[in-house]
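For reference, the structure is listed below as structure tokens.
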Amino acid sequence: MSFNENLKEAMYCKNLTTIQLAALTNINSGTISNYLKTKGSMPPADKALKLAKALDVSVDFLINGYDTKIESSITHKSPFSIEVFKLATKMNNFEKNELAIISNMIDLIVKNKAGTE
């Protein structure tokens, strides 16, 4: 994923608007809007760090969509671990009822797979 997509995802997870993020970072909301709209647009390092801190993510996440330190430690466990980690990260701020729905869906998939094997 690109910087703008990762920034959107982090903002969504923190439930922050562009104006709220601008207030937290002292970065002009128009500048943040440009980062969100323009694929391939990258802020200078100091602004990327401010955005990452305000969103409670690493700069690596904003640039790459994952944290390379975490990824390198999980890749040794299973080839699917990274995908599971990414899903878990997306679900980090879900409500209990939303997590219950996802858990029920997983249970149904597991039962269905067991029935077809």
Side-chain angles (χ1 to χ4, degrees):
M1 288 173 45
S2 62
F3 183 88
N4 70 325
E5 293 169 320
N6 298 330
L7 180 59
K8 283 177 194 173
E9 182 177 333
M11 288 174 64
Y12 175 78
C13 288
K14 286 292 184 182
N15 199 27
L16 289 174
T17 66
T18 304
I19 293 169
Q20 291 168 325
L21 184 57
L24 289 171
T25 60
N26 285 328
I27 298 172
N28 183 290
S29 62
T31 301
I32 295 173
S33 289
N34 286 337
Y35 297 145
L36 291 167
K37 292 177 188 171
T38 311
K39 193 169 185 161
S41 175
M42 287 279 235
D46 62 325
K47 289 184 180 176
L49 186 57
K50 286 180 182 182
L51 291 167
K53 283 183 178 182
L55 295 166
D56 196 27
V57 298
S58 66
V59 173
D60 200 14
F61 172 83
L62 290 175
I63 294 169
N64 298 310
Y66 54 83
D67 188 318
T68 52
K69 288 179 186 173
I70 294 171
E71 181 188 339
S72 64
S73 70
I74 0 185
T75 49
H76 300 293
K77 295 179 182 168
S78 162
F80 299 109
S81 294
I82 295 170
E83 293 306 315
V84 171
F85 175 75
K86 287 179 183 178
L87 288 171
T89 302
K90 288 179 182 178
M91 294 185 296
N92 193 36
N93 292 320
F94 282 17
E95 301 292 327
K96 278 188 174 185
N97 64 324
E98 294 167 327
L99 292 172
I101 292 167
I102 292 168
S103 180
N104 289 337
M105 290 172 60
I106 291 170
D107 289 343
L108 287 171
I109 293 168
V110 169
K111 286 178 187 176
N112 187 45
K113 286 184 77 76
T116 59
E117 292 176 358

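All values below come from the heavy atoms of this structure, side chains included, with hydrogens, waters and symmetry mates left out. Remember, it's a predicted structure, so these values are computed and weren't measured experimentally.
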To the nearest 0.5 Å, tell me how far Ile32 CD1 sits from Lys37 NZ. 12.0 Å
With sequence neighbours excluded, what pairs up with Ala10 under the side-chain contact (heavy atoms from CB on, under 4.5 Å) test? Leu55, Val57, Phe61, Leu62
Which heavy atom of Ala48 sits nearest to which heavy atom of Val59, and what is that distance? O-CG2, 3.9 Å
Let me confirm one number: the CG-OG distance from Asn64 to Ser2, rounded to the nearest 0.5 Å. 11.5 Å
Quick check on Asn15: does its CG atom have over 12 non-hydrogen neighbours (other residues, nucleotides or ligands) under 6.0 Å away? no
Before you tell me yes or no, could you show the steps for Leu51 and Leu21 under side chain to side chain contact (heavy atoms under 4.5 Å, CB included), namely the whole-Å CA-CA distance, both residues' side-chain angles and the distance that decides it to 0.1 Å? CA-CA 8 Å; Leu51 291 167; Leu21 184 57; 3.6 Å; yes
Please, which pairs that meet salt bridge (charged side-chain N to carboxylate O under 4.0 Å, His left out) have at least one residue in residues 38-49, sequence neighbours excluded? none
Assess the residue pair Leu36 and Leu7 against the criterion (side chain to side chain contact (heavy atoms under 4.5 Å, CB included)); give the C-alpha distance rounded to whole Å, side-chain angles, the decisive distance to 0.1 Å, and a yes or no. CA-CA 7 Å; Leu36 291 167; Leu7 180 59; 3.7 Å; yes
The complete set of side chain to side chain donor-acceptor pair (under 3.5 Å) pairs with one or both residues in residues 16-25, sequence neighbours excluded, reads Thr17-Gln20
Remaining members of hydrophobic cluster (4.5 Å side-chain criterion), Ile101: Met105
Tell me whether Tyr12 is reachable from Ile19 by hopping between hydrophobic residues (I, L, V, M, F, W, Y) whose side-chain heavy atoms are closer than 4.5 Å. no
Looking only at atom types and distance, does a side-chain atom of Asn104 sit under 3.5 Å from a main-chain N or O of Ala100, one as donor and one as acceptor? yes
Residues two or more places apart in sequence or in another chain: which of them pass side-chain contact (heavy atoms from CB on, under 4.5 Å) with Phe94? Met91, Glu98, Leu99, Ile102
Qualifying salt bridge (charged side-chain N to carboxylate O under 4.0 Å, His left out) pairs, either residue in residues 10-28, two or more places apart: Lys14-Asp56
